[in-house]
2 protein chains.
Amino acid sequence: MREDTSKNSIDTRSRILDAAESLFMEYGFDGTSMRLITGQAGVNLAAINYHFGSKELLFQEVFRRRLTDLNRRRIAVLDALEAEAGGAPLKPSRIVEAFFGEALRMAADVEGGGHTFMRLLGRTYTEPNDFVRQFLAEEYAECVDRFLAALYRALPEVERTEILWRFHFMMGAMSYAIAGTDALQLLAGKFDDEDPARLASRLMSFLLGGLRAPLADPGPA
Amino acid sequence: MREDTSKNSIDTRSRILDAAESLFMEYGFDGTSMRLITGQAGVNLAAINYHFGSKELLFQEVFRRRLTDLNRRRIAVLDALEAEAGGAPLKPSRIVEAFFGEALRMAADVEGGGHTFMRLLGRTYTEPNDFVRQFLAEEYAECVDRFLAALYRALPEVERTEILWRFHFMMGAMSYAIAGTDALQLLAGKFDDEDPARLASRLMSFLLGGLRAPLADPGPA
DNA sequence: GTATGATTAAAACAACTGTTTGATTTGTGT
DNA sequence: ACACAAATCAAACAGTTGTTTTAATCATAC
């Protein structure tokens, strides 16, 4: 009947994290109660405060658990690309593929929870809670700095502000592609879903098309 | 001291709607309490239930107030384009410009509240509350049907599924560009904001670049 | 086996949630 | 001025929120 040995407590921790990840994704931070989380995790109500301190700290830990590795992997890929190039600037498309490809790879991991997490991350971008924004900024800082620097070097003739905006647009397209699948099914009515596997290649070609688009006229009257 | 005549009640209604729009945008549906709304609106707590019936119905009315007009304008522009073309299929870029241009025009209206509303709309796409999804689907149905039909006719050689996905990506890029400005400021650190006026042209050229991008390989191994 | 610290458990805490009630005020038509 | 409906108000409703407390149980080292 019982299978927990000494890893009982770390089991409780990850059961809470898994349940919280899934519920935060579905109902948001405010829409998810402690009792809902502990109920789905099958643990006592007080376990969250005991193991994480508060609901907010649990929320942050849900992100840290996956984001740290994701951004580490992104930087590792970028390191490899730059080492291979040997000092020469990279192709912009390779940089973009590295950054968004790693995210899409995580989003494709349905059983391991990566898919759920990426949907949660996507909807969190548009929920500008102060404490979440502060936290995400710190978590992303190094990775974004590295990739922006690489893009600046790859596109020296393009204004940096323009690159920033394009990066923002790409983040938005990706987040919606993952987090807003329900919205699409909604707007478009019936939608053949033979394709979540092909999402990555579809999205990537869209992103690269947007990246390569001619710059806008500076002055629209 | 008092300036209200007979329009007292409709004044209360719109005061509530304005406060709710702004607060829902900032804190989300669950994070915004009735007392917060009525407090900022300067009306009695019971006024929301009296004038709108419930918090959910107020939420819906916040959307209906702006969305109905927005989609009506979109369809009007599309009608004009099709009348001008006289039966010939439209250029895809014109269709996209019509759909997203109207949204961006609303987002540029800061004083009138259009900007706030578009940010709220953007973050709501990723909050898949059942009752919101149902409502948005009905509100968008006719407009999306018309624009998708126009795109299908404009791009007869492209699979309809591909067009759906591109439309989804474009929606995501736009919503983030408007709703997630804070997220960008965050990730990129300092960000010159001499540009909210140029957002429209920047975004439009990105969207058209994505729309024109070559289709992805169907099979990524 | 017993002591010690870590974990779990049940119960209670005050604060806040959306909604309803009943009385009072306000506006309008006669 | 009167009557009638619309609108506002203060107060209370029952239920839920995140967190804390105190006791019980667990695992482990001596």
Side-chain angles (χ1 to χ4, degrees), chain A residues 1-63 124 127 129-132 135, chain B residues 1-63 124 127 129-132 135:
Chain A
M1 189 69 79
R2 50 193 295 277
E3 54 195 345
D4 43 354
T5 65
S6 76
K7 63 176 162 31
N8 199 336
S9 81
I10 72 160
D11 183 60
T12 298
R13 264 186 69 98
S14 56
R15 290 170 65 90
I16 292 174
L17 285 170
D18 290 341
E21 184 175 69
S22 160
L23 291 167
F24 282 145
M25 183 272 280
E26 189 154 10
Y27 304 112
F29 179 77
D30 290 308
T32 305
S33 71
M34 311 272 279
R35 286 161 181 83
L36 196 59
I37 298 171
T38 53
Q40 182 161 116
V43 302
N44 187 270
L45 168 62
I48 289 180
N49 289 286
Y50 177 79
H51 284 282
F52 301 95
S54 71
K55 188 186 181 185
E56 289 201 355
L57 289 172
L58 166 64
F59 194 67
Q60 291 191 13
E61 187 56 32
V62 166
F63 284 87
T124 306
E127 288 181 21
N129 283 17
D130 279 340
F131 84 94
V132 176
F135 167 73
Chain B
M1 189 67 80
R2 51 193 295 276
E3 53 195 344
D4 42 354
T5 64
S6 75
K7 63 176 162 34
N8 199 336
S9 81
I10 73 160
D11 183 59
T12 297
R13 266 185 67 97
S14 56
R15 290 170 64 91
I16 292 174
L17 285 170
D18 289 342
E21 184 175 68
S22 160
L23 291 168
F24 282 146
M25 182 273 282
E26 190 154 7
Y27 304 112
F29 179 76
D30 290 309
T32 305
S33 71
M34 311 273 279
R35 286 160 180 83
L36 196 59
I37 298 171
T38 52
Q40 181 161 117
V43 302
N44 187 270
L45 169 62
I48 289 180
N49 288 285
Y50 178 80
H51 284 283
F52 300 95
S54 71
K55 189 186 180 185
E56 288 201 356
L57 289 172
L58 166 64
F59 194 67
Q60 292 192 12
E61 187 57 32
V62 166
F63 284 87
T124 306
E127 288 181 21
N129 283 18
D130 278 341
F131 86 93
V132 176
F135 168 73

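Each chain gets a letter, A, B and so on, in the order its sequence line appears, and its residues count up from 1.
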Centre-to-centre under 6.0 Å for Phe131(B) and Phe135(B), is that the case here?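 Ring centres of Phe135(B) and Phe131(B) not closer than 6.0 Å.
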With a 4.5 Å cut-off on side-chain heavy atoms, are [Y] and [X] touching?
{"X": "Phe63(B)", "Y": "Thr124(B)", "value": "yes"}
{"X": "Asn49(A)", "Y": "Leu58(A)", "value": "no"}
{"X": "Arg35(A)", "Y": "Leu45(A)", "value": "yes"}

Near DNA chain C, under 4.0 Å by heavy atom, which residues of residues 34-45 of chain A?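 Output list: Arg35(A), Asn44(A).
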[X] side-chain proximity, nearest of [options]:
{"X": "Asn49(A)", "options": "dT20(D), dT8(C), dT8(D)", "result": "dT20(D)"}
{"X": "Ser54(A)", "options": "dT7(C), dT19(D), dT17(C)", "result": "dT19(D)"}
{"X": "Ser33(A)", "options": "dT8(D), dT17(D), dT21(C)", "result": "dT17(D)"}

Could you give the CG-to-C1' distance, from Asp30(A) to dC16(C), as a whole number of Å?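 My rounded result for the distance is 13 Å.
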Between His51(B) and dA6(D), is there a side-chain N or O to OP1/OP2 distance below 4.0 Å?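 So the side chain of His51(B) is outside the cut-off, no N or O lying under 4.0 Å from OP1 or OP2 of dA6(D).
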Whether Thr12(A) contacts dT7(C) is assessed here as follows: a side-chain N or O lying under 4.0 Å from the phosphate OP1 or OP2. Is that the case?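 Answer no for this pair, as no side-chain N or O of Thr12(A) is under 4.0 Å from OP1 or OP2.
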Checking Leu23(B) now: which residues fulfil side chain to side chain contact (heavy atoms under 4.5 Å, CB included) with it, not counting sequence neighbours?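 For Leu23(B), the residues satisfying side chain to side chain contact (heavy atoms under 4.5 Å, CB included) (neighbours in sequence not counted) are Tyr27(B), Thr32(B), Leu36(B), Ile37(B), Gln40(B).
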Classify the nucleic acid contact of Ala46(A) as base, sugar-phosphate or nothing, counting any heavy atom under 4.0 Å across all strands shown.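 Result for Ala46(A) = base.
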